[in-house]
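First up is the structure itself, then whatever we jot down about it.
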Amino acid sequence: MNPAKIRVTDFDLRYTIESGQPLTFFSDYDPKKNRLIYPTASHLLDIKFTGTSENGNLLVKGSSPAYAKRELTKRLRLNDDMKDIYSRISTDEFMANAIKKYYGMRLTINDPWETTLCFIISQYNNLKRIRGSTRKIVDLFGTEIKDDEGKVVGKRFPTSEQMMHITEKQLMECGTGFRARYIRNASEYCTNNLDLHKLQNKSYPKIKEELLEIAGVGDKVADCIALMGFGCLEAFPIDVWVKRTIERIYFKGKEKKIKDIHRFANERFQNLGGYAQQYIFWHGMHYE
DNA sequence: ACCCAGGCGGGCG
DNA sequence: CGCCCGCATGGG
């Protein structure tokens, strides 16, 4: 089958993949070739980027062109008008620099359950270890993905129901530490009490409210899931890097409460807090 | 050796 | 309520 060719503008595959979103944790990316192997629910997509961040193409193998286009348009938020978004979140020199440095970095939309797991694992953790743990879970317990000839080409994330049967000890062996208990609980809860897919078209406050019912999911993780699992651009997750960076840039290094930072971000970035946050996080983390 | 990481729940005042 | 603490584990 011919590869799908998708025109993209204001898009950078590398920054999008590497910027600490769930995609980072369970797909294979080769920066030299600018090529991504990405497991969706049913296919293993082989994605190659050519061109520049202003004007490029995605060449996608591994599925029909129609599927590839539909899936990636959603997952990589290809319909976002980045020029408009940038003009609205570029409120000062720091934001302008962040946008310039990581031009084309998109938010992504990931499977809600995968997103939930990734961000439960993320708490009080670092990117390298989050990646290691999630990959190990997929390797050990994931579902096989087959191509048209029935050949196994990769694995995808286990469902909550599949994960319900993984013991705490097995989860600990994946390096999840004290989060193993939360993972077990979330697997049960999202199998028996909360169907994440039914939150799909709900409002951000409603989605967050429901997510907070999962033991092991707090304010920050719920915002991450709302943003990267459900696409709520008004969510503004505040982790240590975002907090630290905002205090440094906008409050002369003075410590602020999470609540105050939420208020600040709401006033400044309005319903595009999620995008602003992604640039603050990634640029702030690599600052100096 | 020591400190920290895309935080959270529980316990205490 | 707000604040403080412990939590597993590997890398700097």
Side-chain angles (χ1 to χ4, degrees), chain A residues 15-27 98 102 105-110 112 114-137 140 166-190 208-233 235-249 255-263 265 269 273-288:
Chain A
Y15 297 144
T16 302
I17 300 308
E18 292 185 340
S19 56
Q21 304 185 243
L23 269 171
T24 310
F25 306 134
F26 50 82
S27 58
Y102 298 109
M105 177 170 66
R106 300 287 175 123
L107 283 167
T108 59
I109 295 181
N110 308 269
E114 294 174 1
T115 308
T116 300
L117 248 291
C118 286
F119 283 106
I120 285 177
I121 292 172
S122 80
Q123 57 179 274
Y124 198 52
N125 209 339
N126 59 61
L127 290 176
K128 185 174 276 187
R129 288 194 65 235
I130 300 163
R131 185 177 165 84
S133 295
T134 52
R135 292 179 81 85
K136 208 169 270 183
I137 289 173
L140 291 177
I166 308 175
T167 65
E168 210 169 304
K169 182 165 176 291
Q170 287 174 302
L171 289 168
M172 297 280 273
E173 284 163 4
C174 295
T176 58
F178 63 88
R179 308 158 196 87
R181 182 184 302 261
Y182 298 151
I183 296 172
R184 268 201 61 78
N185 172 74
S187 303
E188 279 184 40
Y189 191 81
C190 292
K208 188 167 176 181
E209 181 191 333
E210 296 279 352
L211 292 172
L212 287 172
E213 292 298 313
I214 307 171
V217 172
D219 184 71
K220 188 269 175 182
V221 169
D223 272 334
C224 282
I225 304 168
L227 182 60
M228 297 173 219
F230 294 96
C232 302
L233 289 185
F236 192 88
I238 302 173
D239 73 315
V240 289
W241 296 104
V242 170
K243 180 171 184 293
R244 201 176 284 161
T245 302
I246 288 183
E247 287 166 350
R248 188 181 72 231
I249 302 299
E255 198 161 341
K256 288 286 165 185
K257 314 262 187 228
I258 298 284
K259 195 171 60 174
D260 296 327
I261 297 180
H262 271 304
R263 192 180 309 124
F269 305 115
Y275 258 110
Q277 175 274 163
Q278 187 63 22
Y279 281 84
I280 293 168
F281 168 68
W282 202 236
H283 188 42
M285 181 190 258
H286 297 280
Y287 188 82
E288 293 177 329

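Side-chain atoms are counted along with the backbone in the values below, which use heavy atoms only and exclude waters and symmetry mates.
- Base contact: G20(A) has a heavy atom under 4.0 Å from a base atom.
- Contact record, T115(A) with C224(A): CG2-O, 4.1 Å, taken as the closest heavy-atom pair.
- One atom, CD1 of I121(A), and another, P of dA5(B), lie 19 Å apart when rounded to the nearest Å.
- Looking at heavy atoms from C-beta onward, D219(A) lies in side-chain contact with K208(A) at the 4.5 angstrom threshold.
- In 5' to 3' order, the nucleotides of DNA chain C bounding all contacts with chain A (an atom under 4.0 Å from a heavy atom) are dG2(C) to dG10(C).
- Rounded to a whole Å, the CH2 atom of W241(A) is 10 Å from the P atom of dG7(B).
- Taking atom C1' on both nucleotides, dG11(C) is separated from dC8(B) by 23 Å, rounded to a whole Å.
- In this structure, CG of D219(A) is placed 7 Å from P of dC8(B), rounded to the nearest angstrom.
- One interatomic measurement links the two molecules: CZ of R244(A) to C1' of dG7(B), which rounds to 13 Å at whole-angstrom precision.
- Within a 6.0 Å radius of NZ in K136(A), no more than 12 heavy atoms belonging to other residues, nucleotides or ligands are found.
- Nucleic acid contact for R181(A): none, since no nucleic acid atom lies under 4.0 Å from a heavy atom of the residue.
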Dot-bracket for DNA chain B: what is it, with Watson-Crick or G-U pairs under 3.5 Å, [ ] where a pair crosses earlier ones, and | for a pair to another strand?
.||||.|||||||

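- dG7(B) atom P lies 14 Å from atom CZ of F236(A), rounded to whole Å.
- The shortest non-hydrogen separation linking G20(A) to F25(A) is O-CZ, 3.8 Å.
- One finds the CG atom of N110(A) at 11.5 Å from the CD1 atom of I225(A) (value rounded to the nearest 0.5 Å).
- The OH atom of Y182(A) sits 8 Å away from the C1' atom of dG7(B) (whole-angstrom rounding).
- R129(A) places its CZ atom 14 Å from the C1' atom of dG7(B), with the value rounded to the nearest Å.
- Both tests hold for R248(A) against Y287(A): distance to the six-membered ring centre under 6.0 Å, angle to the ring axis within 45°.
- Taking atom CD of Q123(A) as the reference point, atom P of dG9(B) lies 8 Å away to the nearest angstrom.
- No more than 12 heavy atoms of other residues, nucleotides or ligands shown are found within 6.0 angstrom of CZ on R181(A).
- Q21(A) places none of its side-chain heavy atoms less than 4.5 Å from the side chain of F281(A).
- S19(A) comes within 4.0 angstrom of a base, heavy atoms only.
- Map C224(A) and V217(A) each onto its nearest nucleotide of DNA chain B; the residue landing nearer the 5' end is C224(A).
- K257(A) comes within 4.0 angstrom of the backbone, heavy atoms only, and of no base.
- Across dG10(C) and dG9(B), the matching C1' atoms stand 24 Å from one another, rounded to whole Å.
- Using a 4.0 Å heavy-atom cutoff across all strands shown, Q278(A) reaches at least one base atom of the nucleic acid.
- Ionic pairing of R263(A) and D260(A) is present here: one or more N-O contacts between side-chain nitrogen and carboxylate oxygen are shorter than 4.0 angstrom.
- Note that CE of M285(A) and OG1 of T245(A) are 9.0 Å apart. Values are rounded to the nearest 0.5 Å.
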